[in-house]
Amino acid sequence: MRHFTTVDDIADLKKALDVAFDVKKHPFAYGHLGRNKTMVLIFFNSSLRTRLSTQKAALNLGMNTMVLNVNDDGWQLETEMGVVMDGSKPEHLREAVPVIGSYCDIIGVRSFARFQSREEDYGEKILNQFIEYAGVPVVSMEAATRHPLQSFADLMTIEELKTRERPRVVLTWAPHPRALPQAVANSFVEWMRRADYDLVVTHPAGYELAPEFMQDLRVEYDQEKAFKDADFIYAKNWASYSSYGQILSKDMNWTVDARKMAMTRNARFMHCLPVRRNMIVTDEVIDSPASVVIHEAANREWSAMAVLKMILENNP
Ligand code: AN0
Ligand code: CP
């Protein structure tokens, strides 16, 4: 593996999980791998978990880390090719990326969907410029269409907590006051499919995910039906893909509550965080023993460490 941007960069998912559980057990056994190496973490958007867990993972591997919040600390970066740069942005990614690459051995990038154009977001313009011009391995820390470090941690969490071989995993849309990317949901579908779980997706009409992610997966539009027999309820809001970036519903009937959780097979509640309480999920559910959101967030350190370890081993 050189770059990590999707589950497709993982050749053997079972082996990758073994690596993740191994580093979770032995966090400080591989400090030699990153000796005298540096990872730069670039953020175009806010982050709590990704920033801290990825930095911690790099430190566990003996790497030095440098963090740049582009919007607060650096020059504002132009991302469009061929433009006359007479606006507010003094530097182009075309120079910034190879310069950053010259200072480090691995780059982590967080670049959300901007919702200006579906083609631009789904073309992963920013992430692809990093891959093309960095000259070093690039790790997605959530790009416009995917959040693979999150899904990897989600997969670890389900593997640790499942009570049957092929658990029923339900991805449910839930209401949110702002337009959020489809990245977490897209990735979750992609990783759960590779894990061959019994995956059910439920959301209101108009929130269908991109066909390349859904493929032959059927949507259950009745949330209560979807919850029946579920082992895991994975809640997430996303804005519409077809009416790109729009909020079509804030229907609080889709909030995950105790009445709906009671319809499941004693399911665990999952969410990538940050979560809006009493919009996505009620206090009662997120504060109940069924909620595994902290366990799930803690696994972010190990999914990041597994990915960085594999990259260091493959790119000495
Ligand atoms: C982001 C999202 O939905 O993609 C990050 C989640 C990891 N969430 C928010 O911006 C609230
Ligand atoms: N789940 C997640 O990626 O959180 P942050 O946006 O805080 O990094």
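Excluded from the calculations below are hydrogen atoms, water molecules and symmetry mates; all remaining heavy atoms, backbone and side chain alike, are included. Just so you know, ligand 1 is whichever comes first in the structure, and atom 1 is the first atom listed for that ligand.
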- Message: When you measure from the side chain of Asp12 to the backbone of Lys15, do you find a donor-acceptor pair of N or O atoms at a distance under 3.5 Å?
- Response: yes
- Task: Would you kindly specify which portion of Arg178 sits under 4.0 Å from ligand 1, judged on non-hydrogen atoms: side chain, backbone, both or neither?
- Result: neither
- Report, in ascending order of atom number, the atoms of ligand 1 lying under 4.0 Å from any heavy atom of Phe112. 1 (C), 5 (C), 10 (O)
- Query: Looking at Glu142, which atoms of ligand 1 are within less than 4.0 Å of one of its heavy atoms?
  - Reply: 2 (C), 4 (O), 5 (C), 6 (C), 7 (C)
- Message: To the closest 0.5 Å, what do you measure between CH2 (Trp173) and CG (Asn237)?
- Response: 6.0 Å
- Message: Taking distance alone, with N or O pairs closer than 3.5 Å, would you say Asn237 contacts ligand 1?
- Response: no
- Item | Location of contacts on Arg300 toward ligand 2, heavy atoms closer than 4.0 Å | side chain
- Task: Answer yes when Arg277 and Glu284 have at least one side-chain N-carboxylate O distance shorter than 4.0 Å, and no when they do not.
- Result: no
- Taking only non-hydrogen atoms of Leu273 and a 4.0 Å limit, the atoms of ligand 1 in range are 7 (C)
- What protein heavy atom sits nearest atom 4 (O) of ligand 2, and how far off is it? Arg49 NE, 2.8 Å
- For His147, take its heavy atoms, then give the atoms of ligand 2 lying under 4.0 Å from any of them. 2 (C), 3 (O)
- Message: Could you check whether Arg146 pairs with Glu190 (Lys NZ or Arg NE/NH1/NH2 to Asp/Glu carboxylate O, under 4.0 Å)?
- Response: yes
- Message: Contact between Cys272 and Lys236 at the side-chain level, heavy atoms closer than 4.5 Å - yes or no?
- Response: yes
- Message: Students should be able to answer this: which protein heavy-atom is nearest to atom 7 (O) of ligand 2, and at what distance?
- Response: Leu48 N, 2.6 Å
- Counting each atom of ligand 1 from 1 as listed, which ones have a heavy atom of Pro181 under 4.0 Å away? 2 (C), 3 (O), 4 (O)
- Mark the output for Ala183 as yes if a heavy-atom distance to ligand 1 is under 4.0 Å, and as no if none is. no
- Query: At a non-hydrogen distance cut-off of under 4.0 Å, which region of Leu273 contacts ligand 2 (side chain, backbone, both, or neither)?
  - Reply: backbone
- Task: May I ask you to check whether Phe269 and Tyr234 place their ring centers less than 6.0 Å from one another?
- Result: no
- Are Tyr221 and His203 close enough that their ring centers fall under 6.0 Å? yes
- The answer for which part of His147 has a heavy atom under 4.0 Å from ligand 1 is side chain
- Message: So that I can tick it off, tell me whether Asp231 and Lys162 are bridged by a salt bridge, with the cut-off set at under 4.0 angstrom between side-chain N and carboxylate O.
- Response: no
- Query: Polar-atom distance check: Lys236 versus ligand 1, any N or O pair below 3.5 Å?
  - Reply: yes
- Task: Using modelled atom types only, decide if a donor and an acceptor are shared between the side chain of Asp22 and the backbone of Asp18 within a distance under 3.5 Å.
- Result: no
- Report yes or no: does Trp238 have a heavy atom closer than 4.0 Å to ligand 1? no
- Can Asp154 and Arg300 be counted as an ion pair, charged N to O under 4.0 angstrom? no
- Query: Taking atom 6 (O) of ligand 2 as the point of reference, which of Glu296, Met141, Arg110 owns the nearest heavy atom?
  - Reply: Arg110
